[in-house]
A.B. asks: 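Dropping the structure in here first, questions after.
Computed from heavy atoms alone, side chains included, the values below leave out hydrogens, waters and symmetry copies.
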Amino acid sequence: MADPLVTLAARLQPAFDAVAGRTGVDPVVRPSDRADAQANGSLALAKELGRPPREVAEAVLAEALKIANLRATLEVAGPGFLNIVVHDDFLADEIAAVSSDERLGVRSATPTRRVVVDYSAPNVAKEMHVGHLRTTVIGDSLVRILEFVGHDVIRENHIGDWGTPFGMLIEHLLDLGETEAAEHLSLGDLDGFYKQARAKFDADDTFKERSRARVVMLQGGDAETLRLWKLLVGLSTKHFNAVYERLGVLLVDDDLMGESAYNELLPQVITRLDALGLLQQSDGADVVFPPGYTNRDGDPLPLIVQKGTGGFNYATSDLACVIDRIERLNADLLLYVVGAPQAQHLSMVFDVARMAGWLAEPAQAVHVAFGSVLGSDRKMLKSRSGEPLKFIDLLDEALVRAEASVAEKNPDLGVEDRLTIARQVGIGAVKYADLSTDRVRDYVFDWDRMLSFDGNTAPYLQYAHARICSIFRRAEIDRTSLRNREPSIVEPQERALALAVLGFDSAVADTLEKYSPHRLCTYLYDLATSFTSFYEHCPVLKADEATRLSRLVMCDVTARVMATGLGLLGIDAPEQM
RNA sequence: GCGCUCGUAGCUCAAUGGAUAGAGCAUUUGACUACGGAUCAAAAGGUUAGGGGUUCGAGUCCCUUCGAGCGCGCCA
């Protein structure tokens, strides 16, 4: 059981092999607008064999006719394509199989990998802002998809909880008094706290000295300093968790793996690099020169792993992460859901980790890069005052806007339902807007578009799902009784819907191949349009008993794929809206 | 200066090297005592920034020009 296109590619391969006189020919089966699918392999094969493409296609067709149980009709078309029309009873069998499957036809990954997904990464004592939106939403979706196909996934929230700013933050906390500072921070005004500390640091030399001394105490492990530091971290994580809860992501305290967690490893990074002979001195700092990078002057660009002052920096910390994730966690795939501007830094870190042998086949590190969120002026999204837009404010606005929209379109809902649905719709809209475009590109943040019930939006997909649920409320039938039943595929809209449903497996696979959730979004949108077309042309409840049952099967499996697919994006699928 | 990413309909976006580049919004035209019209059907809209090249075939790969964004030694 799988996507019929995948099945057919496998079934057709022997025919291509036979014509080629060798094994392993790719039939190049692709979706087609002329048929259910097309096999393009004959054209490449024609080149290889030095024969006319159509002749090769005819030969493949002749071989394919010998295949028992192909369950599709083939036709040579154009310069040598094989157009494929899947038989209706084959579609019906596959729908029955998918419908009785918990995983809706999505194949398990083989082999499974242990995957570390590094995402979100806010800073202690700083407010989460719109800059954390993409990493959090994209990372969370990838975690859900990887787990769904059976990988062993470890979430790592690499919070910024260490470094020189903590000296001034702790001193500021002492100045305010612990109780008052805790109150201040509990209100969620982390930025105000940080700014006050910063202002004092810049204006007051005595404070500056105290801050520096405090950093030394912190790094030296002074018990009282550590206690104050933990207080700051705890208050900040409370804020992070409030955002995560409202956003609906999987991250919890157990996923926290802050920079401080790698302190023990940092000196080892240096000694191990030194032992390998990779370490060099440059302007007083310890550095590694990975080949292929140059600076402004065209000279080799180093990765600094120990500053001239003896301190470590983020490169050291990132290398320690690689060691920890590979050697302690035994991960063989490291995903870094980090903004595109950090491409060079991460590339250098990965190169150095490879030079040191820490990152070796089959283990692999991937920078899952993403572009910026832009305002309508096509510049980085900011609040009206020009400050970074607070994450929590963004989510609040999503709720307010969604509630107004839901109230307008369904006035009969009770207050409680309305609030619940507004949350599902509003948060879903924000997430979907972020996930539905190719992640490497920047995208323009537009409330009206993302909350629209038309077009490629979360509300449209949720609405398609809610409509199906509405049918079941009227049908008065136990949905589980519809599982493992063969529908009859008659109308073109039924065929189109069946093909769309069966494409879920491939959509998930394509999404993971490039770590691009927008492929799953595109698929779900296509599924939703196929469904609304079916809904429009194929009456369900009014049909005769046999047709009614058949169509209810299609409705049930469509709704489950939609809800599951949205779930993989971290988006809820309400039953009514 | 060097490097990376991007450039597709008026707007916002799709398109694992495959046929005639697809959607949505907006525009125009149809379909309603409606299994939820929060919809559907259709029309119109393109020199894929420009120019070369590779290929049977290029929006996609390579070179180049232009434009935009972001990086380029001790912040993370």
A.B. asks: State yes or no: are the ring centers of A:H345 and A:Y314 separated by less than 6.0 Å?
C.D. replies: yes
A.B. asks: Need the pair for B:rG1. Rule: Watson-Crick or G-U wobble, both distances under 3.5 Å, any strand; none if unpaired.
C.D. replies: B:rC72
A.B. asks: Quick check: A:F534 with A:F531 (ring centres under 6.0 Å apart)?
C.D. replies: yes
A.B. asks: Start with the C-alpha distance between A:L301 and A:M348, add both sets of side-chain angles, then the distance that settles side-chain contact (heavy atoms from CB on, under 4.5 Å), and finish with yes or no.
C.D. replies: CA-CA 10 Å; A:L301 183 67; A:M348 290 177 80; 4.0 Å; yes
A.B. asks: Would A:D202 and A:R198 pass as an ion pair if we require N to O under 4.0 Å?
C.D. replies: yes
A.B. asks: Could you measure between the two C1' atoms, the one in B:rG18 and the one in B:rG59, and give it in whole Å?
C.D. replies: 13 Å
A.B. asks: Is there a donor and acceptor pair closer than 3.5 Å between the side chain of A:E259 and the base of B:rA76?
C.D. replies: no
A.B. asks: For B:rU39, what is the paired nucleotide under Watson-Crick or G-U wobble rules, both distances under 3.5 Å?
C.D. replies: B:rA31
A.B. asks: Just to be sure I understand the rule, does A:G160 reach a base, reach only the sugar-phosphate, or reach nothing, if contact means heavy atoms closer than 4.0 Å?
C.D. replies: nothing
A.B. asks: Aromatic contact between A:F312 and A:Y262, with the criterion being ring centroids under 6.0 Å apart: yes or no?
C.D. replies: no
A.B. asks: Under 4.0 Å between a side-chain nitrogen and a carboxylate oxygen: does that hold for A:R378 and A:D442?
C.D. replies: no
A.B. asks: Would you tell me if any nitrogen or oxygen in the side chain of A:H345 comes within less than 4.0 Å of OP1 or OP2 on B:rG3?
C.D. replies: no
A.B. asks: Roughly, in whole Å, what's the span from CG in A:L346 to P in B:rU5?
C.D. replies: 14 Å
A.B. asks: Would B:rG10 be called syn or anti here, given the cut-off of 90° from 0?
C.D. replies: anti
A.B. asks: Taking only side-chain nitrogens and oxygens of A:R441, does any of them come within less than 4.0 Å of OP1 or OP2 of B:rA14?
C.D. replies: yes
A.B. asks: Taking only nitrogen or oxygen atoms into account, show me every contact under 3.5 Å that the protein makes with nucleotides 37-43 of chain B, one pair per line with its distance.
C.D. replies:
| from | atom 1 | to | atom 2 | distance (Å) |
| --- | --- | --- | --- | --- |
| B:rG37 | OP2 | A:R467 | NH2 | 2.8 |
| B:rA38 | O2' | A:Y463 | OH | 2.9 |
| B:rA38 | N6 | A:M577 | O | 2.9 |
| B:rU39 | OP1 | A:F453 | O | 3.2 |
| B:rU39 | OP1 | A:D454 | OD1 | 2.2 |
| B:rU39 | OP2 | A:D454 | OD1 | 2.8 |
| B:rU39 | O2' | A:E536 | OE1 | 3.1 |
| B:rC40 | OP1 | A:Y460 | OH | 3.1 |
| B:rC40 | OP1 | A:T532 | OG1 | 3.0 |

A.B. asks: Does the base of B:rA76 carry an N or O that pairs as donor and acceptor with the side chain of A:D318 under 3.5 Å?
C.D. replies: no
